[in-house]
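Hydrogens, waters and symmetry mates play no part in the numbers below; they use all other heavy atoms, side chains included. No experiment lies behind these values; they were computed from the predicted model shown. Residue numbering restarts at 1 for every chain, and letters A, B, ... go by the order of the sequence lines.
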2 protein chains.
Amino acid sequence: MSDRPTLKDVAARAGVSPMTVSRVVNGEPGVGPETAARVERAIRDLGYQRDAVASQLRRKGQLAHTIGLLVDNVADPFMAAFASAVEDVARQRGNVVLIGTSRDDLKREREVIAAFTARRVDGLIIIPVEGSHRFLQPAVSTGTHVVCADRRAPGLDVDTVIVDNREGVRDAVAHLIAHGHRRIAFLGDRKEIWTIAERHAGYLEALAAAGLPADPALVRNGLRHAPDAATAVKELLEQPDPPTAVFAGNDIVAVGALETLPPSVAMVAFGDFVLATRLDPPVTIVYQDPVAIGTTAAHLLFARIHGDLSQARTVVLPTHLIVRGSGELPPRSR
Amino acid sequence: MSDRPTLKDVAARAGVSPMTVSRVVNGEPGVGPETAARVERAIRDLGYQRDAVASQLRRKGQLAHTIGLLVDNVADPFMAAFASAVEDVARQRGNVVLIGTSRDDLKREREVIAAFTARRVDGLIIIPVEGSHRFLQPAVSTGTHVVCADRRAPGLDVDTVIVDNREGVRDAVAHLIAHGHRRIAFLGDRKEIWTIAERHAGYLEALAAAGLPADPALVRNGLRHAPDAATAVKELLEQPDPPTAVFAGNDIVAVGALETLPPSVAMVAFGDFVLATRLDPPVTIVYQDPVAIGTTAAHLLFARIHGDLSQARTVVLPTHLIVRGSGELPPRSR
DNA sequence: ATGAAAGCGCTAACAA
DNA sequence: TTGTTAGCGCTTTCAT
């Protein structure tokens, strides 16, 4: 296990100065073809690879070609697809991606982001957890660009890519109402999460628009994992005057709910999931495109990195109601 | 957008030498409490954060506390769960993770790995694509530790974490045979992928052990996406003497196959997937634990990074046949 | 076309 | 306890 070869080693072997090697490595002009060939040869012989760390240090104001990506949980299908899209764009642009997870914990988010900025990333794409993100301000003002995705971050004036959660849910709940439902349950993850709060608001707006009462007994929040949702559904259906329809606030909740939800109860879910079309009835969803969110966020970030100085903007991507059956069931007393 | 403050800036503000600030930042002894307090203050005032890049450069032989993780595709649920586990262990150990994807392309894999090693990662965890990995040898011999996960890499003598694919499939196909099936189809992803080749081998072994002929017309490989599998199933069932059971070589193929597979045809799938229990019939699977694979790989890597010099070893994790219904259906002519 | 000197931000090694 | 000097591997700047 020897040391990795340096510029100097290559220079010595090729019988030139380190500077000449540097020029060859970086494809800069001003090296004779004969010399260049000799240097190339030495590079290959030694298996030399430029040290990006050292290079970055000297090139002041230069880019690290590294971005940081912070998600809540990579194992979540939505975030996995999102992260995949970000990585793809980054790669096309010759960047590498540092990935980290917050697990819905602001302290952890701060630590991960600190570890990223300590490594001088050029920018960050984050799915922010609840809480103030003012701690990012110093990084932002010293040139680290930040883009928020999926959720807004309060007190942070940066580019943001979201979908219109409120509208998506409003339409979906109106859809259930149009099919005759009056008692519609809302199942959500932690309501501190921005998207969940928005979706809950959309739910309430749809009820209000139809002149229906909002019964708190039909709302269950804080469902983090699938089994939580399964239990919540069971409890909801056991109470007097149970819901005839259920709105699931995200894919994980939907999948959990489906473990205990009888096929006769109508359902619409926010976000798509595998095999939703294969269930009986197939599950009607509010579709959002994680790849589009990731791609858009990445493009915004790279625009900033490459000098875009315009005002921070918010891109709102559309959602689509995809009708498959479960949301069109009539209300049915059980 | 000012420059980020350096050690020197802090030193000037606190009226001490840079070295003293360095000591405070790194929690080293030999600084008077009074001085330390003044330095801390200056650090906070300026919003100073240590530059990990510069620090790493000087501390020769020291660690970057960064590892590289290469998967085929982060959006794949198996790899997402795997990556999540790796990230978790890395974080616990104070490391950050560079993530990259190969998309089943050796050239891309090489490029991503080169980008990682150029940044002096302490180690790599890779799900290798098909092909020689000898290009990693220089990195390995200059101290970059490598662990392979999920698949073996030919010609690379490094720690490897896999499951016993062959045995898992053998048992599953034997299970189908025990339930009376004689014509069992095999649906696989690209057979160049190590796991798929192993699974196919297990399939053939089970048939041979039961004295059944291996009909090539029942084998479909190269199914990369769900729709490919759906089409393959349709074609298989249309041919004369169609299969009465199907073995799906991975979760993606399974989900695709289920789009067109009639409930009367038996099925066992390799790898679990969401809602497998909710289908009719629920899907019998060969379970493998992506989190265990990721955790094990990460532990092996960190052991190496921290000086483990023992011979490269292979950890083989078990699989489990989880009986749910679809694999216990009797053969039925259609 | 090539090289020498200096320095990026930090820390190892050695004073004082 | 504190500071000085040198240098990590590279690139900028300025010479030749």
List every contact pair, protein side and nucleotides 4-7 of chain D side both N or O, where the distance is under 3.5 Å.
from  : atom 1 : to      : atom 2 : distance (Å)
D/dG7 : N2     : B/Arg58 : NE     : 2.5
D/dG7 : N3     : B/Arg58 : NE     : 2.9

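Residue whose closest nucleotide on DNA chain C sits further toward the 5' end, between A/Pro29 and B/Pro5: A/Pro29. Ranked by how close their nearest DNA chain D nucleotide is to the 5' end, B/Pro33 and A/Ala52 are led by B/Pro33. Across the interface with DNA chain D, nearest-nucleotide mapping of A/Glu28 and B/Gly32 shows B/Gly32 to be the residue nearer the 5′ end.
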Without placing hydrogens or testing angles, list every side-chain donor-acceptor pair under 3.5 Å for residues 67-83 of chain A, not counting sequence neighbours.
from    : atom 1 : to       : atom 2 : distance (Å)
A/Asp72 : OD1    : A/Asp104 : N      : 3.2
A/Asp72 : OD2    : A/Arg151 : NH2    : 3.3
A/Asn73 : OD1    : A/Ala75  : N      : 3.0
A/Asp76 : OD1    : A/Phe78  : N      : 2.8
A/Asp76 : OD1    : A/Met79  : N      : 3.3

Determine all donor-acceptor pairs shorter than 3.5 Å in which one atom belongs to a side chain in residues 35-44 of chain B; sequence neighbours excluded.
from    : atom 1 : to      : atom 2 : distance (Å)
B/Arg38 : NE     : B/Ala14 : O      : 3.1
B/Arg38 : NH1    : B/Glu34 : OE1    : 3.3
B/Arg38 : NH2    : B/Ala14 : O      : 3.2

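Contact annotation: the side chain of A/Val16 approaches that of A/Val21 to within less than 4.5 Å [non-hydrogen atoms, C-beta and beyond]. Between A/Arg190 and A/Ile193, some side-chain heavy-atom pair lies under the 4.5 Å cut-off. When side chains are defined from C-beta on, A/Asn95 does not count as touching A/Thr66, because their heavy atoms never get closer than 4.5 Å. You'll find the side chain of B/Ile305 reaches within 4.5 Å of the side chain of B/Leu63, heavy atoms only.
The CD1 atom of A/Ile43 sits 10 Å away from the P atom of D/dC10 (whole-angstrom rounding). Between A/Tyr48 atom OH and D/dG9 atom C1' the separation is 7 Å, expressed in whole Å. Computed from coordinates, the B/Arg38 CZ to D/dT1 P distance equals 15 Å when rounded to whole Å.
Applying the side-chain contact (heavy atoms from CB on, under 4.5 Å) test to A/Ala153 and every residue at least two apart in sequence or in another chain returns A/Pro128, A/His133, A/Cys148, A/Leu156.
A donor and an acceptor atom, one from each side chain of A/Thr160 and A/Arg313, are nowhere located under 3.5 Å apart. Looking at A/Thr101 and B/Arg91, their side chains never bring a donor and an acceptor atom within 3.5 Å of each other. Counted by atom type alone, B/Ser84 and A/Arg103 present one or more donor-acceptor pairs between their side chains at under 3.5 Å.
Within 4.0 Å of A/Arg120, counting heavy atoms only, lie sugar-phosphate atoms of the nucleic acid but no base atom. Residue contacts for B/Val16: at a heavy-atom cut-off of 4.0 Å it reaches the sugar-phosphate backbone alone, with no base atom in range.
Terminal axes of the helix from C/dA1-D/dT16 to C/dA16-D/dT1 (five pairs each, C1' rotation axis) are separated by 40°, to the nearest 10°.
Between A/Thr117 and A/Ala139 the shortest heavy-atom distance is CG2-CB, 4.2 Å.
On the nucleic acid side, DNA chain C contacts chain A at distances under 4.0 Å to non-hydrogen atoms, with the end points of that region at C/dA1 to C/dG9.
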